[in-house]
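The residues of the chain are indexed from 1 along the displayed sequence.
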Amino acid sequence: MILLFSLSCACDGSREEAAEKQNYMWFDCEANFATLSDPDSIAFYLDKCRSIGFDNVVVDMKSIMGEVLYDSAIAPYMGEWEGCVRARDYDMMGHFIRLGHERGMKVFASLNVFAGGHNWFDRGIIYGDKASWQSICYDKGRLVPISSIKSNYNGMLNPADPEVQKYELDILKEFVQRYPDCDGLIFDRVRYDGITSDFSELSRSLFERHIGRPVENFPEDILSWYDSEGRLRDSWVLGKDAKEWIEWRAMVIHDFVVEAHRALKEINPSLIIGDYTGAWYPTYWQLGVNWASRDYDPSKEEEYAFWATENYRNSGYAEYLDIYMTGLYYTLVTKDEVDRASGVTGKRGEAAMDNSLTYCYCVEGGAELARKVTCGKVPVIGSIYVEQYLGDFRPFGPAVRQALESTDGVMVFDIVHLNKHQLWDVLEDAMRK
């Protein structure tokens, strides 16, 4: 593990201040497909990032469609997007590594793990020979494949499927073997689509094996859409087996992260392994993910007791990360702003967010909570989404500054938004204050 600070033994979020902030610029593979199709353009943006204080870049190398941006023997190649075509031998990652290292920058890859389709384009591996791997969602009282839910652009896979896990792990290993000079790898979408997935017969069988008994009324004993009179509810409620189900799903993700960590470190012991998730821990259990330290026990928190078992803490995987990027995707920046908000929560569009007005839904409070639950086991990087402030970009600079003050660095997503809204100068000013 890369030690950026002295670690505290107490699980209270306290630690010594980081000696140096670690700043990351993210390059999305779809939005920047045309822009990054020329090495000169890559060099231009690396120079731009370096000049304003970013010493690390994260390059998206596996899209939500399950297509990759290198010549893979396993996954389909993403050779075209929105009319822009790339040759299969165009080595984007090779250019990033060479040009980044020439500038003294670290170059990371990100891969969307349990994602297999873009439902707005009917494109991806779930629209081909991997259709049986897609999540089955219990949506508004009906069991349906996720590809049929067009309001959701994410065509997610079933993380519990052993075939899916092997396939995704093989891709991760292939990438690390192909690019030994890549400094690190960031997991993205190592999660379920949401609380309504996955309710396939395979997941039912695996869960019943986990608890050692059959589920009497599947899926209603886990997630209920019907009231006692058999009428469809407006929203779901948790059933009597829900807490064990939540624990099991979190252990599915935990076990995958542990195995991926082991396998990738075996190939490249110096590889920096990181993860991106949203920061909204109070509801992130809905995605089957416990990014906290195993030293943190949510079952002892009154507000979490309705979903967290005493064993849920064992699903925490912060100890298996060298870097953790937490998505502080909030309109409000400080806790003082929350106090003054008068019921105005701001944009809430990310998976598993709710509409509560609490400190965790601002940049300052979200960072504070992330540091608390990770217990000083891993550097926490506050991540800012540029278009969170679409319509009023005035809070963007303060949000970047708050992330720098409250965590061990900042990740900014993404250069395409900085270009579109002409915010490079605003970002530079925030980085230099």
Is the number of heavy atoms from other residues, nucleotides or ligands within 6.0 Å of [atom1] ([X]) greater than 12?
X: R394; atom1: CZ; answer: no
X: K140; atom1: NZ; answer: no
X: D47; atom1: CG; answer: yes
X: K150; atom1: NZ; answer: yes
X: E216; atom1: CD; answer: no

Apply the side-chain contact (heavy atoms from CB on, under 4.5 Å) test between N158 and each candidate in Y192, F114, W133, F199; give the one that qualifies.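 Testing N158 for a side-chain contact (heavy atoms from CB on, under 4.5 Å) against Y192, F114, W133, F199 leaves exactly one candidate, Y192.
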Just by distance, with hydrogens left out, do Y361 and D354 show a side-chain donor and acceptor under 3.5 Å apart? yes
Could you check whether S203 and D198, counting side-chain N and O atoms only, form a donor-acceptor pair closer than 3.5 Å?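 S203 and D198 do have a side-chain donor-acceptor pair below 3.5 Å.
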State which residue, out of D414, N419, D60, fulfils the side chain to side chain donor-acceptor pair (under 3.5 Å) condition with N32. D414
Classify the ring geometry between Y281 and W291 as parallel (under 30°), tilted (30 to 60°) or perpendicular (over 60°).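 Y281 vs W291 ring planes: perpendicular.
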Identify the residue among Y90, F175, F96 that makes a ring pair (Phe, Tyr, Trp, His ring centres under 6.0 Å) with Y70.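 Exactly one option meets the ring pair (Phe, Tyr, Trp, His ring centres under 6.0 Å) with Y70, and it is F175.
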Yes or no on side-chain contact (heavy atoms from CB on, under 4.5 Å) for V258 and H254, after CA distance, side-chain angles and deciding distance? CA-CA 6 Å; V258 171; H254 167 276; 3.6 Å; yes
Let me see the working for Y324 and S383 under side-chain contact (heavy atoms from CB on, under 4.5 Å), right down to the final yes or no. CA-CA 10 Å; Y324 168 59; S383 305; over 6 Å; no
